[in-house]
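Here the structure comes first, spelled out in structure tokens, and everything after it is commentary.
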Protein chains: 2
Amino acid sequence: MPRPRILPFIILGVLNKRGASTGKIVLDEFQNEISEFWTVAHSQLYPELQKMTDEGRVSIVPNQTNAKTVVYEITSIGKADLEAWLQEPVTEQNSALTSLKLYFVQERQAPELRAMIIADVKLHVEKLHHLQGRFTDLFSEADQIAGNYGHYLILTRAIERETNYVAWANGVLNDLDN
Amino acid sequence: MPRPRILPFIILGVLNKRGASTGKIVLDEFQNEISEFWTVAHSQLYPELQKMTDEGRVSIVPNQTNAKTVVYEITSIGKADLEAWLQEPVTEQNSALTSLKLYFVQERQAPELRAMIIADVKLHVEKLHHLQGRFTDLFSEADQIAGNYGHYLILTRAIERETNYVAWANGVLNDLDN
DNA sequence: GCTTCCATGTAAGTAGTTACATGATTGC
DNA sequence: GCAATCATGTAACTACTTACATGGAAGC
């Protein structure tokens, strides 16, 4: 069983967001806007676009002005695929994708938005509790820190990061209510 | 030119930190302590340990008590490799490895610690400025947010995350001075 | 028209994942 | 001793990276 693919959905998301675009434009969107979460080499992108054309998820737009560039647009099949992907439930396995999915939600009123964030917050709260438990186990005595300072650092960092995330997400949820 | 390998160094780091260990113990360390930053499947770990044995970076400790488990320890060659890896300069390319490297620094007084954090903070500050610039470009007017709410969200999240990281790291640097 | 870029394409190699397999050990 | 578990091993497949290649476009 192959591992779940992500790249095709990101391509679909970009094409859906930007409308018909050349491969180069998609590539730039990767590099400029979502390189925090996802990167791709052009040598992976171009063949993927070809494959997705064969699959009917994108189509090539005839392009007279420039014989070299290829313009792609998302098809109705592709739109359905994208929509289904966005609505897959957030799990521990795929939680890292939430930021990426958020990026493709354009409307503040989108119904899936609240659910995605709530599910994600739940997971991060669980992780936070787990990390806090680890901290208590490992570093409740001051002298336990001395010989494991690096471990102490990354554990405090992880706790800080999760705390900050949860606070941010709760702020967003509050904002959505107004 | 192959891409830089990370797995062998993490294995070396774990063996250096924990002393002679079985493959399973190394695997557990991955899953329990650094799964935030790095994961590995056992099917990748065991062959790697064999390969590193051939390379002389780890050695097999004779084990009479259990014919099944294999105990490995880091060799002097492996220790030198690990030390060199930890001291490689932090760059934009490998900045994500800093947390991982920190984990393997055991002593608060370790000379490389300050330098690693300072270099990393510098990169994160640059990234923060870049993100703030993007925000100004894209969302200085309130109505620009409405139709790109997902993008707005992940950009504010990224800014928040970098701000939080820089604050945390500066706190650590302060702490190191006392 | 010549050169320099640039968008796209291709190939080879490494990394990582899932699934399956094996033989020792442990619990009863 | 038998069953179940567990540490290790192997195989097949996909993802990703680097390097190299090509032919049109654009600048002069």
Side-chain angles (χ1 to χ4, degrees), chain A residues 1-11 14-15 18 20-32 34-35 37-55 58 60-72 85 91-94 96-97 100, chain B residues 1-11 14-15 18 20-32 34-35 37-55 58 60-72 85 91-94 96-97 100:
Chain A
M1 187 177 304
R3 87 174 116 166
R5 302 219 53 204
I6 300 169
L7 177 58
F9 296 104
I10 304 179
I11 292 173
V14 170
L15 288 179
R18 303 203 49 123
S21 310
T22 65
K24 173 64 172 165
I25 289 174
V26 175
L27 198 62
D28 289 343
E29 182 88 2
F30 274 71
Q31 262 137 32
N32 296 330
I34 53 179
S35 63
F37 311 107
W38 197 258
T39 60
V40 72
H42 79 267
S43 61
Q44 196 185 355
L45 176 65
Y46 292 124
E48 189 68 36
L49 280 167
Q50 292 166 8
K51 191 176 148 207
M52 290 171 72
T53 306
D54 296 341
E55 294 166 345
V58 303
I60 295 177
V61 181
N63 175 8
Q64 300 90 333
T65 63
N66 187 320
K68 184 173 191 192
T69 61
V70 186
V71 178
Y72 294 91
W85 181 71
T91 67
E92 203 172 338
Q93 276 48 265
N94 68 22
L97 293 180
L100 217 37
Chain B
M1 190 177 302
R3 87 175 117 165
R5 302 219 52 202
I6 300 169
L7 177 58
F9 296 104
I10 304 179
I11 292 173
V14 171
L15 289 179
R18 304 201 48 121
S21 310
T22 65
K24 174 63 171 163
I25 290 175
V26 174
L27 198 60
D28 289 343
E29 182 88 1
F30 272 73
Q31 262 136 33
N32 295 330
I34 52 179
S35 63
F37 311 106
W38 195 256
T39 61
V40 72
H42 78 269
S43 61
Q44 197 185 356
L45 175 66
Y46 291 124
E48 189 68 37
L49 280 166
Q50 293 166 8
K51 191 176 146 205
M52 290 171 72
T53 306
D54 296 342
E55 294 167 346
V58 304
I60 294 177
V61 180
N63 174 11
Q64 299 89 337
T65 64
N66 187 320
K68 185 173 192 190
T69 61
V70 186
V71 178
Y72 294 91
W85 181 70
T91 68
E92 203 172 340
Q93 276 47 270
N94 68 22
L97 293 179
L100 216 38

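Numbers restart at 1 for each chain; the letters A, B, ... are given by sequence-line order, proteins then strands.
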Can you tell me how far P of D:dA15 sits from CD1 of A:Ile10, to the nearest Å?
13 Å
Would you indicate, yes or no, if C:dT14 has its OP1 or OP2 atom less than 4.0 angstrom from a side-chain nitrogen or oxygen of B:Arg5?
no
Rounded interatomic separation in angstrom, taking CD1 from B:Ile11 and P from C:dA15:
12 Å
Whole Å only: how far is the CG atom of B:Leu49 from the C1' atom of D:dT8?
11 Å
Give the rounded distance in Å between these two atoms: NZ of B:Lys24 and C1' of C:dT26.
15 Å
Rounded distance in Å - CD1 (B:Ile6) to P (C:dT14)
16 Å
Which residues satisfy the side-chain hydrogen bond (donor to acceptor under 3.5 Å, both in side chains) test with A:Thr69, sequence neighbours excluded?
A:Asn63
Output the rounded distance in Å from CZ (A:Phe30) to P (C:dT8).
14 Å
To the nearest angstrom, the CG-P distance between B:Leu7 and D:dT17 comes to 17 Å
Pairs: protein N or O with nucleotides 9-12 of chain D N or O, under 3.5 Å:
from	atom 1	to	atom 2	distance (Å)
D:dG9	OP1	B:Gln50	NE2	3.3
D:dG9	OP2	B:Gln50	NE2	3.3
D:dG9	O5'	B:Gln50	NE2	3.4
D:dG9	O6	B:His42	NE2	2.7

Can you name the residues that form a side-chain hydrogen bond (donor to acceptor under 3.5 Å, both in side chains) with A:Glu48, not counting sequence neighbours?
A:Arg5
Check: B:Thr53 side chain, B:Leu49 main-chain N or O, donor-acceptor pair, under 3.5 Å
yes
Who pairs with A:Phe37 by ring pair (Phe, Tyr, Trp, His ring centres under 6.0 Å), at least two apart in sequence or on another chain?
none
Taking only residues two or more places apart in sequence, or in another chain, which ones meet B:Lys24 in a side-chain hydrogen bond (donor to acceptor under 3.5 Å, both in side chains)?
B:Asp28
Would you kindly give the CE-to-P distance between A:Met52 and D:dA15, to the nearest whole Å?
13 Å
For B:Glu55, the side-chain hydrogen bond (donor to acceptor under 3.5 Å, both in side chains) test, sequence neighbours excluded, returns B:Arg57
